[in-house]
Amino acid sequence: MILPIYTYGQPVLRQISKDIDSNYEGLDQLIDDMFETLKRADGIGLAAPQVGLPIRVVVVDLDVLSENYPEYKDFKRAYINARIEETEGEQITFEEGCLSFPGIHEKVIRAKRARITYLDRNFQQHDEWIDDYPARVLQHEIDHLDGKCFIDRMAPLRRQLNKSRLNAISTGKVDCDYKVKLRRK
C-alpha cells in the first residue's frame, strides 16, 4: 500500500523517534509499504516519520541508480533502530532533496564516511562503516529519526532564500506527483 508522505510542518518530522523490537505489530508490512511508497515517489530513502510514525525505521533503495552506478545493484535495505555512531573523513558538499520538502533542492555538507549501528529486517545486529553516497543517504534518513531535516543543515542564507517555499509547503501549497499528508491548519 502506498502511504502518504508527511510534508514540512507536520510535528512528527520534529519528534525524536523511538526504538522498536521484533514484536512491533505489522513491521514487515510497514517495511514493504515504505518501499512501495518510496518507489512511487521516485525516492531513494524514506524514514518512518515521513509516513507519520515516530519509530526508528528507514528504507533505502539505491538499485534505481544501478544503470549508471553498477555498485548499487540490489542495494535495497531496511534499517531498524539505526544510529550514526561516528563520522570521519572529509566533509562533502552535495545537493540534496527530500520527499517531505517537494521542490526544494539545496547543497548540504555531510561526512564522507559514517559508522552506523542498526538491526536488519531479521533483527540481526550490524555495526558497519559506510562511505560516499550511501553514507550521505543514511545520514539524511537517520537525521529524520532524530527529529532533524535537511533544511537544518542548509547554509542560513539558503534557508532564508527558501523561506517562501517552506511556508508554502507548511501551509499545504504543494504540487508533487506522489501522495502527501498536509499539515492541518
Side-chain angles (χ1 to χ4, degrees), residues 1-61 76-85 96-106 108 110 114 116-121 123 135-154 156 158-160 162-185:
M1 170 175 43
I2 295 173
L3 305 169
I5 295 174
Y6 283 56
T7 57
Y8 177 62
Q10 292 281 1
V12 71
L13 295 177
R14 293 301 189 174
Q15 292 178 2
I16 296 175
S17 298
K18 306 264 189 250
D19 283 348
I20 61 170
D21 61 27
S22 59
N23 296 320
Y24 188 86
E25 191 173 329
L27 180 60
D28 280 333
Q29 186 62 54
L30 172 64
I31 290 170
D32 289 344
D33 291 347
M34 287 177 68
F35 274 120
E36 186 177 347
T37 301
L38 183 63
K39 183 177 183 174
R40 172 62 180 90
D42 291 325
I44 55 171
L46 186 66
Q50 293 180 274
V51 294
L53 299 170
I55 59 172
R56 296 191 80 85
V57 176
V58 165
V59 298
V60 174
D61 185 355
K76 185 176 178 181
R77 299 181 187 154
Y79 299 83
I80 300 165
N81 299 339
R83 285 186 170 68
I84 296 171
E85 301 298 335
E96 290 186 16
C98 181
L99 296 174
S100 294
F101 294 81
I104 296 179
H105 295 84
E106 286 292 338
V108 174
R110 294 201 189 265
I116 62 167
T117 56
Y118 67 96
L119 301 170
D120 64 24
R121 202 169 179 163
F123 277 80
R136 172 171 290 282
V137 173
L138 265 297
Q139 288 173 77
H140 177 111
E141 298 308 330
I142 292 172
D143 269 358
H144 278 298
L145 304 182
D146 295 330
K148 296 178 183 146
C149 298
F150 91 112
I151 61 167
D152 301 332
R153 297 193 182 274
M154 280 182 198
R158 296 304 308 166
R159 188 167 176 176
Q160 185 63 35
N162 278 287
K163 190 171 184 168
S164 64
R165 285 168 149 194
L166 292 169
N167 286 338
I169 294 168
S170 71
T171 58
K173 297 176 182 124
V174 176
D175 184 28
C176 58
D177 295 334
Y178 47 88
K179 187 176 177 182
V180 295
K181 173 79 173 172
L182 303 173
R183 181 174 160 206
R184 292 180 192 210
K185 297 176 185 172

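Treat the numbers as computed from the prediction; the structure is a model and nothing was measured.
- Checking side-chain atoms of Gln160 against main-chain N and O of Pro156 turns up no donor-acceptor pair under 3.5 Å.
- With a 4.5 Å cut-off on side-chain heavy atoms, Val59 and Ile31 count as touching.
- For Tyr79, the ring-ring contact (aromatic ring centres under 6.0 Å, His included) test picks out Tyr118, with sequence neighbours left out.
- Taken to the nearest 0.5 Å, the OH atom of Tyr178 stands 4.5 Å off from the CG atom of Leu99.
- Residue pairs meeting the salt bridge (charged side-chain N to carboxylate O under 4.0 Å, His left out) criterion with at least one member in residues 21-33, sequence neighbours excluded: Asp28-Arg121, Asp32-Arg121.
- The backbone N or O of Val60 sits nowhere less than 3.5 Å from a side-chain atom of Glu141 that would complete a donor-acceptor pair.
- Considering only residues two or more places apart in sequence or on other chains, Lys148 meets the side-chain contact (heavy atoms from CB on, under 4.5 Å) condition with Asp143, Asp152, Arg153.
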Q) Going through the checks in order, is the side-chain contact (heavy atoms from CB on, under 4.5 Å) test met by Asp19 and Arg83? A) CA-CA 10 Å; Asp19 283 348; Arg83 285 186 170 68; 2.9 Å; yes
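- In this structure, CD1 in Ile142 is found 11.5 Å from NE2 in His144, a value given to the nearest 0.5 Å.
- For Ser100 (side chain) and Tyr6 (main-chain N/O), a donor-acceptor pair under 3.5 Å exists by modelled atom type.
- Distance check, rounded to the nearest 0.5 Å: CZ of Arg14 to OH of Tyr8 gives 6.0 Å.
- Every side-chain contact (heavy atoms from CB on, under 4.5 Å) that Ile2 has, sequence neighbours left out, goes to Glu36, Thr37, Arg40.
- Counting all heavy atoms, side chain and backbone alike, Gln50 lies closest to Cys98 at NE2-SG, 3.6 Å.
- The closest side-chain heavy-atom distance from Leu3 to Lys179 is not below 4.5 Å.
- With sequence neighbours left out, Glu96 forms a side-chain hydrogen bond (donor to acceptor under 3.5 Å, both in side chains) with Arg110, Arg136, His140.
- Residues meeting the side-chain contact (heavy atoms from CB on, under 4.5 Å) test with Asp61, sequence neighbours left out: Phe35, Leu38, Asp63, Val64, Lys76.
- A 4.5 Å side-chain heavy-atom check between Pro102 and Asp175 finds every atom pair outside the cut-off.
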Q: For side-chain contact (heavy atoms from CB on, under 4.5 Å), just list the numbers for Asn162 and Ile151, CA-CA rounded to whole Å, side-chain angles, deciding distance to a tenth of an Å, and then say yes or no.
A: CA-CA 9 Å; Asn162 278 287; Ile151 61 167; over 6 Å; no
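- Lys18 pairs by the side-chain contact (heavy atoms from CB on, under 4.5 Å) definition with nothing, not counting sequence neighbours.
- Considering only heavy atoms from C-beta on, Val12 stays 4.5 Å or farther from Leu53 through its side chain.
- Counting only residues at least two apart or in different chains, salt bridge (charged side-chain N to carboxylate O under 4.0 Å, His left out) contacts with residues 43-54 are absent.
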Using distance only, find each side-chain donor-acceptor pair of residues 41-49 under 3.5 Å and give its atom names and separation, not counting sequence neighbours.
none

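- One distance of note links CD of Glu106 with CZ of Phe101; it measures 12.0 Å at 0.5 Å rounding.
- Between atom CD1 of residue Ile55 and atom CG of residue Leu145 there is a gap of 9.5 Å, rounded to the nearest 0.5 Å.
- Proximity of Asp146 to Ile84: side-chain heavy atoms (C-beta onward) are nowhere separated by under 4.5 Å.
- To the nearest 0.5 angstrom, Glu85 atom CD is 9.5 Å from Ile116 atom CD1.
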